[in-house]
Amino acid sequence: MRFSPLRAAGALTLGATLATAVPQAQTPFLLPDNNARRLPSPSRPLQWGDINTIATTDTHGWFGLPLLQPEPNYSGTWRDYASFVTHMQRLAEEKDVDLLLLDSGDMHDGTGPARVVSRAHEECRTGLADGFPPGDVDARASGEFFKQIPYDVLSIGNHELRVYANTLDMHTNFAMHYEGRYLTSNVNITVFDEDGQAVSVPVGSRYRKFTIKKSFSGQSGAESNGPRGRSVTAFGIMFDFTTNAVNTTVQPVEELVKESWFLDTIVDEPDLFLLVGHNPVEGRSSNWQVVFDTIRKLHPTTPITIFGGHLHIRDCVQLDDRSMSLASGRYMETVGWMSVDLDKDGTGPLNLSRRYLDANPTTYMYHTGTNEDTFFTDEGKNITEGLYELEKRFGLTYQYGVAPRDYTLTRDPYPSNGSLPSLIAEEVAPFAISTNTTRVGIPFVLIVSTGSERFDIFKGGMTKNDVLTTYPFVNNYFYVADVPYAAATAILPTMNNDGPERRQQKIWRQEMEVERGYQHWLAAQAAVSVSSDEQLTLGYTTSDSCPGIGDDIPHAPLPFYAIPSFTASRTPDASNAVIDLVFDDFFRDQILKTLNKVQSARVYTLEDVVQYTQIRSNEVLGIYAEHNWN
Ligand SMILES: *[C@@H]1O[C@H](CO)[C@@H](O)[C@H](O)[C@H]1NC(C)=O
Ligand SMILES: *[C@@H]1O[C@H](CO)[C@@H](O)[C@H](O)[C@H]1NC(C)=O
Ligand SMILES: *[C@@H]1O[C@H](CO)[C@@H](O)[C@H](O)[C@H]1NC(C)=O
Ligand SMILES: *[C@@H]1O[C@H](CO)[C@@H](O)[C@H](O)[C@H]1NC(C)=O
Ligand SMILES: *[C@@H]1O[C@H](CO)[C@@H](O)[C@H](O)[C@H]1NC(C)=O
Ligand SMILES: *[C@@H]1O[C@H](CO)[C@@H](O)[C@H](O)[C@H]1NC(C)=O
Ligand SMILES: *[C@@H]1O[C@H](CO)[C@@H](O)[C@H](O)[C@H]1NC(C)=O
Ligand SMILES: [Zn+2]
Ligand SMILES: [Zn+2]
C-alpha cells in the first residue's frame, strides 16, 4: 500500500498466478491528499538567513508513501516535495535571500521505482515479465523523478556503487543532467576513453565553485553591473566505503585531503565552504573531521556547512561555532533545513539554524503559506502522472492480497502477532517454501535472518511495491536433511549468541551497520521517558547536539523492541528424532559452522547441503499473501 492500492478484483490462485499473471491495468494509486487535514501542524516558522538550504538524503526511491500509521506524518510524495521546493524558491526571492537544494546520495534500492528494473529481471525468470527495455538500468526510473528537482549540489551514495552498470548510468546520464552539480570528489569509475583505453575518471565532478545570487550588500550579484554574488566552494565526499563494485574507486578521505588538486581548490577563500556527502556527520564511520581540519588550517573562520547522510537518522553537530553539520534522516521522511547568516570577516559564532521537517503536505503548506488550492504545482502533478506511467509499466500496484493488520519491525515485541520478524519466520517463509519442495511433510526448522527485513507491513493491500520494499533480497533456500532434533533446535540460540558472522559478507555487514544504527537511534528515543502528553502523535523525537529544538513537530517516541539477528520457524514436535534444517544461502557458511559446533556426532560439509525449493526469498511474501490474505 505504498501507493495506496486498489483492491484487486477476485481472489487469485497460486501456481498459475505467479507464473503467468501479468500486472493488470488497475486504477492508479491514490495520493494521500486527505492526510493533510489530519496531521499535526508545525507552529514555529523556519528561521531564514542569508543562505538557506533544503537537504535530502537516503531517499532510496520513496516517491510515494502509505496512508497508514505511522506514516501519515511522513507521507509527502515527490509531487509534494517538488511543489514545496517551488514555493520555497518563490519565498527566497521575496525575502531576497539565497536558497540551495542539496542531496547526499543513496537514491538506489528502496521502493519499487528505485528497484524496478532489477526486479523486472527477476520476473523474466519466472515469466512475470513486464517489458522493461532490455539493457535498462536499475533505478534509472527513480533518477528521472529526481532530475525534476533543480538541485544545486548532489553527491553519490554507496547504493549507487554496488553494481558497475548503475554507477556507469550515474556517470553517463545523471551527472550529465546535473551539469557539474553531481559531486564525487573521491569516487571514480573506470571507463574506456576514445582510444579504447581504460581510464579512471570522477563519476561526476570533483568540486563546484559557484556564485550565489546575493552579494554582501544585499543586491543581486547575477546582474552584470552589480556587486559580485557570494562565492561557494562545494565538494561531494563519500565515506570510506570498501565494498564498492569492481572498476569503481572510492578514495579514502584521508588520501583525498592530501591530493594537490584538493589543496589547490581550497586555497582561495570563498564566502562559504559547502560539504555535501554520503558520510555520517559524527561517529565511527564519519570522515568529515579530517576535511574540516584541512580547510580550517587555511581558513580558520570561513563558514563551513556540512550535509551528511548514510545512517538514516536525524543528526546535527557543530565542529566549531562557525560551522554546522546536518543529517536529514531517510526515505523522504525528513526534509532538512539549515540557515546561515554570513558575516563578512566576522570571527564570532555564526547565526546558524537547523530544522527537521516531517515530510508531508501539512508541513509544506505551513512553511510556504499555501493551502490545498494553491500548494500543488503543475510540475508536481506532472510527477504524479509520471509515477502512474511507471507503475503501469512495472505493475507496482499488482496486489497479492490484503494484510489483515500491521506487522512492524520494531514497534511490536518479538515474538508477537504484530511482529514482522514473527510473521516472516513463523508464517510466510515456512508456508511459501512448503508449496514447492520434495521434502513436503517432513518436519523442519527454518532459520531466517532479520537483516533481510526492510520495512513494516501495514494493514491493507499487499502490492508488488510493498514486497519490493519489505523483503526484496534474492536468496535460495537450502537444507541439511535428517539433522538430530537437539542439534537443529540449538542452531538458533547459538547463532544469535554469536551474532551474524562478520567475515562472511562484508556488504551485508555495511548494510547492517545502517540498520542497527537506525534501531539504536529509535531505542534511545523510546528510552527517554516523556511526560505522556496525550496531544502528541507518534514520531521521531530527535535529540542532537545543536542548540535549540530540531524537530519541527513535537512527537511522542515510537515504541521500540529490539529484534534478534536470527529468527526461526515454529519448532517441530520433540518426538521427531531428526528434522530438516532449512536456511537461505546468505548465511550458509555460518549455519554449517554452527551445526558442527552444536553436535560432534559427525562433521557436516557443503556436500550435505541441498536446495530445498525453487522458490527464492523475494517471492515468499507474494506467495503467502496470495494464498492467505485473499
Ligand atoms: C502520525 O499522524 C497521525 C495523524 O494523522 C497520528 O494520529 C499518529 O499518531 C502519528 N504517528 C504515528 C506513529 O501514527
Ligand atoms: C574492469 O575493467 C577492465 C578494463 O580496465 C576490464 O578488463 C575488466 O573486465 C573489468 N572488470 C569487471 C569485473 O568488469
Ligand atoms: C580519479 O580520476 C582522476 C582523473 O582521471 C585521476 O587523476 C585520479 O587518479 C583518479 N583517482 C583515483 C583515486 O583513482
Ligand atoms: C539569528 O537570526 C534570527 C533571524 O534573523 C534572529 O531572530 C536572531 O536574533 C539571530 N540570533 C543571533 C544570535 O544573532
Ligand atoms: C513531466 O514529467 C516527465 C517525466 O515523467 C518529464 O520528462 C517532463 O520533463 C515533465 N514535464 C514538465 C513540464 O515538468
Ligand atoms: C495471536 O493470534 C492468534 C491466532 O490468530 C490468536 O489466537 C491470539 O489470541 C493472538 N494473540 C494476541 C495476544 O492477540
Ligand atoms: C517447483 O517449481 C518449479 C518451477 O516452477 C517446478 O519445475 C518444480 O516442479 C516445482 N517442484 C515442486 C516439488 O513442486
Ligand atoms: Zn541509505
Ligand atoms: Zn548509505
Side-chain angles (χ1 to χ4, degrees), residues 13-21 122-129 135 137-138 155-156 158 161-172 175 180 182-208 235-265 277 287 290-291 429-442 444 474-479 481 507 580 582 610-620 622-624 626-627:
T13 46
L14 184 73
T17 313
L18 246 199
T20 59
E122 254 328 286
E123 283 165 353
C124 279
R125 194 183 62 84
T126 58
L128 221 164
V137 177
D138 179 61
S155 63
I156 197 166
N158 54 305
L161 289 165
R162 294 180 141 182
V163 177
Y164 177 81
N166 300 355
T167 314
L168 184 63
D169 193 52
M170 300 311 280
H171 175 62
T172 57
Y182 190 55
L183 303 187
T184 59
S185 307
N186 62 335
V187 184
N188 275 18
I189 183 167
T190 303
V191 293
F192 293 107
D193 69 9
E194 285 152 6
D195 305 326
Q197 299 298 309
V199 287
S200 175
V201 295
V203 178
S205 306
R206 281 177 156 175
Y207 65 92
R208 178 175 182 219
F235 295 95
I237 300 174
M238 176 76 198
F239 77 95
D240 290 348
F241 181 50
T242 54
T243 54
N244 49 303
V246 174
N247 287 340
T248 69
T249 314
V250 179
Q251 181 182 41
V253 179
E254 288 276 357
E255 301 299 317
L256 166 74
V257 298
K258 291 181 202 147
E259 290 271 358
S260 55
W261 75 261
F262 180 85
L263 295 166
D264 290 347
T265 307
N287 306 111
V290 65
V291 182
F431 173 85
I433 64 173
S434 298
T435 62
N436 180 288
T437 180
T438 53
R439 304 292 289 178
V440 70
I442 299 169
F444 66 91
V474 185
N475 292 308
N476 284 302
Y477 293 98
F478 286 92
Y479 74 108
I507 296 175
D580 285 351
V582 190
V610 183
Q611 186 155 355
Y612 190 79
T613 173
Q614 308 256 335
I615 288 167
R616 302 212 252 170
S617 56
N618 63 330
E619 297 169 291
V620 297
I623 293 172
Y624 179 84
E626 210 131 41
H627 260 101

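In listed order, ligands and their atoms are each counted from 1. Since this is a predicted model, take the numbers as computed values, not measurements.
- The protein heavy-atom contact nearest to atom 5 (O) of ligand 3 is S200 O, 2.5 Å.
- Residue-to-ligand polar distances keep Q251 apart from ligand 3: every N/O pair is separated by 3.5 Å or more.
- Other residues, nucleotides and ligands place more than 12 heavy atoms under 6.0 Å from the CD atom of Q611.
- What you find for D240 and N287 is that their closest heavy atoms are N-OD1, 3.0 Å.
- Between V201 and H171 the shortest side-chain heavy-atom distance falls below 4.5 Å.
- What sits closest to atom 7 (O) of ligand 3 on the protein, heavy atoms only, is R206 NH2, 3.8 Å.
- Centroid-to-centroid, the aromatic rings of Y479 and Y612 come within less than 6.0 Å.
- Within a 4.0 Å radius of atom 2 (O) of ligand 7, the protein has at least one heavy atom.
- The closest side-chain heavy-atom distance from N158 to F239 is below 4.5 Å.
- No heavy atom of V199 sits closer than 4.0 Å to any atom of ligand 3.
- Within a 4.0 Å radius of atom 14 (O) of ligand 7, the protein contributes at least one heavy atom.
- Residue contacts with ligand 7 for I615 are absent, since no atom lies close enough (heavy atoms, distance under 4.0 Å).
- The nearest protein atom to atom 12 (C) of ligand 3, hydrogens excluded, is given as N188 ND2, 3.4 Å; this is a heavy-atom distance.
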Test V246 against Y164 for side-chain contact (heavy atoms from CB on, under 4.5 Å), laying out the working first. CA-CA 7 Å; V246 174; Y164 177 81; over 6 Å; no

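- Around CZ of F262, the count of heavy atoms belonging to other residues, nucleotides or ligands within 6.0 Å exceeds 12.
- Heavy-atom minimum distance, I156 versus M238: O-SD, 3.6 Å.
- Ligand 3 lies nowhere less than 4.0 angstrom from a heavy atom belonging to E255.
- Closest protein heavy atom to atom 4 (C) of ligand 2: A198 CB, 3.9 Å.
- Within a 4.0 Å radius of atom 9 (O) of ligand 2, the protein has no heavy atom.
- Aromatic ring pairs are classed by plane angle as parallel below 30°, tilted from 30° to 60° and perpendicular above 60°; the pair W261 and F235 is tilted.
- At a 3.5 angstrom cut-off on N or O pairs, N247 counts as close to ligand 2.
- In terms of protein heavy-atom proximity, atom 11 (N) of ligand 7 is nearest to N436 ND2, 3.3 Å.
- Here is the list of ligand 2 atoms found below 4.0 Å of a heavy atom in V246: 11 (N), 12 (C), 13 (C).
- Checked against a 3.5 angstrom limit, the closest N/O atoms of T249 and ligand 3 fall outside it.
- Side-chain contact check for N188 versus T248: every heavy-atom pair is 4.5 Å or farther apart.
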